[in-house]
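Side-chain atoms are counted along with the backbone in the values below, which use heavy atoms only and exclude waters and symmetry mates. Counting starts at 1 for both ligands and their atoms, following the listed order.
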Amino acid sequence: MIYDRKPLPTTLTGTLTHSVAPSNIALIKYWGKRDATLQWPANDSLSMTLSQARTETWATIAGDGVDRVSLLGSAFSENQAAKALRHLNYLRERTGFTQRLHVETWNSFPASAGIASSASGFAALTLAAIGAWSGAHSLEHMATLGYGPSTLANLARRGSGSACRSLHGGFVHWEAGESPESQSVTSLASASHWDLCDLIVVFSQQAKAVGSTEAHEFAKTSPLFQPRLAALPERLHIVRRAVQTRDFAALGREVEAEALEMHSVMMTSTPSVHYMSPASSRFLAALRKSRHELGTPAYFTMDAGPNVHVLCERRCADQVLEAIQALATDAAENQNFSIIQDAIGTGPSVHKTEVPLRC
Ligand code: PMV
């Protein structure tokens, strides 16, 4: 269930910077930080940028000299609004721009439910703010003004780590590096390299009880955390090679093991965090059974929420969709669920737009 209308801001008019930033799904997860203040991850991660699940954000210089952020169609929680305002302060500090902004934002999918709304949200906020301050009318223009993808990724990362991967399309590698300053975000392959789909089974639209910012901090208390870090370089190598050679079975095997391992770290940390729900857990087992017994060509992954991302190749998407509709119906046991049909995407965009005064 993607809200696929063309959204228009309701509180802003005039010439606005409009940014569109996609969400991304991590194939190798970022879980745990070496330094929370500097947003330095414990490990490298690798993601696929999506196309349908996205955040659109509009920004303009504030006439009244006061920052204002609002969410189109619903209300920001106090915590979300505070995080967005803090990010604007951080961006001003880092860039030297001083003006306050009015910002309105919209998600095409339910936020805070493990579909990485913080990734698309902070990527879109960073792009809209830099666009409004610098006057850039496109990403290319922004790059000529000193805000290329690397600089933007570094800025967006401070709002939410995974946001830095939403600045590129296709398959994206966030390297932790040897120091907080040497981390980097690079494109491993473009969206046209491999047409993969991500069918997102949404079992719950509720905001999660423990946010990922908080839960990252618990990771290091898990006895499974250090063994995980030690084994990750090998897994990253396999996943990179599977992407490069388009080996779907090799990719799927590692991606499933990776998701389960991250959730095991979450569940064995102190305090422990359970993002998996009974319905999602039933669904994972059923998908594996369907693959083994019927050859359903699909693999799962999950982020910090109860919803399940089912990966498949485009040519099998109809078959997989039909299969998972039946599996999810059983797993949900009379509860509602929906499926977002998403796929690999080409990355963010920025432009200027005119929104006329409404009477
Ligand atoms: O960017 P954050 O702080 O929301 O952390 C994201 C963590 C996961 O989504 C669970 C994994 C990832 O790499 O995206």
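Here the closest heavy-atom approach between residue L12 and residue V355 is recorded as O-CG1, 3.5 Å.
At a threshold of 4.5 Å between non-hydrogen side-chain atoms, the residues Q335 and F203 do not count as touching.
The shortest N or O to N or O distance between S118 and ligand 1 is below 3.5 Å. Polar contact with ligand 1: present for H216 (N/O pair, distance under 3.5 Å). Residue contacts with ligand 1: S160 is placed with a nitrogen or oxygen under 3.5 Å of a nitrogen or oxygen of the ligand (distance criterion only). By the 3.5 Å distance cut-off applied to N or O atoms, S45 is not counted among the residues near ligand 1. Residue contacts with ligand 1: K33 is placed with no nitrogen or oxygen under 3.5 Å of a nitrogen or oxygen of the ligand (distance criterion only).
Near A26, with a cut-off below 4.0 Å to any heavy atom, the atoms of ligand 1 are 12 (C), 13 (O), 14 (O). Of all atoms in ligand 1, listed by their number and element, those nearer than 4.0 Å to a heavy atom of G161 are 1 (O). Short contacts between ligand 1 and S212, defined as distances under 4.0 Å to a heavy atom of the residue, involve ligand atoms 2 (P), 3 (O), 4 (O), 5 (O).
With sequence neighbours excluded, the residues forming a side chain to side chain donor-acceptor pair (under 3.5 Å) with S182 are S179, listed by chain and number. Every residue meeting the salt bridge (charged side-chain N to carboxylate O under 4.0 Å, His left out) condition with R282, not counting sequence neighbours, appears here in chain and number order: E333.
Of the options R240, R241, K29, R235, a salt bridge (charged side-chain N to carboxylate O under 4.0 Å, His left out) to E254 is made by R235 and by none of the others.
Of all the heavy atoms of S162, the ones lying under 4.0 Å from any atom of ligand 1 are found in both the backbone and the side chain.
Under the 30°/60° scheme for interplanar angles, the aromatic rings of F97 and W133 are found to lie parallel.
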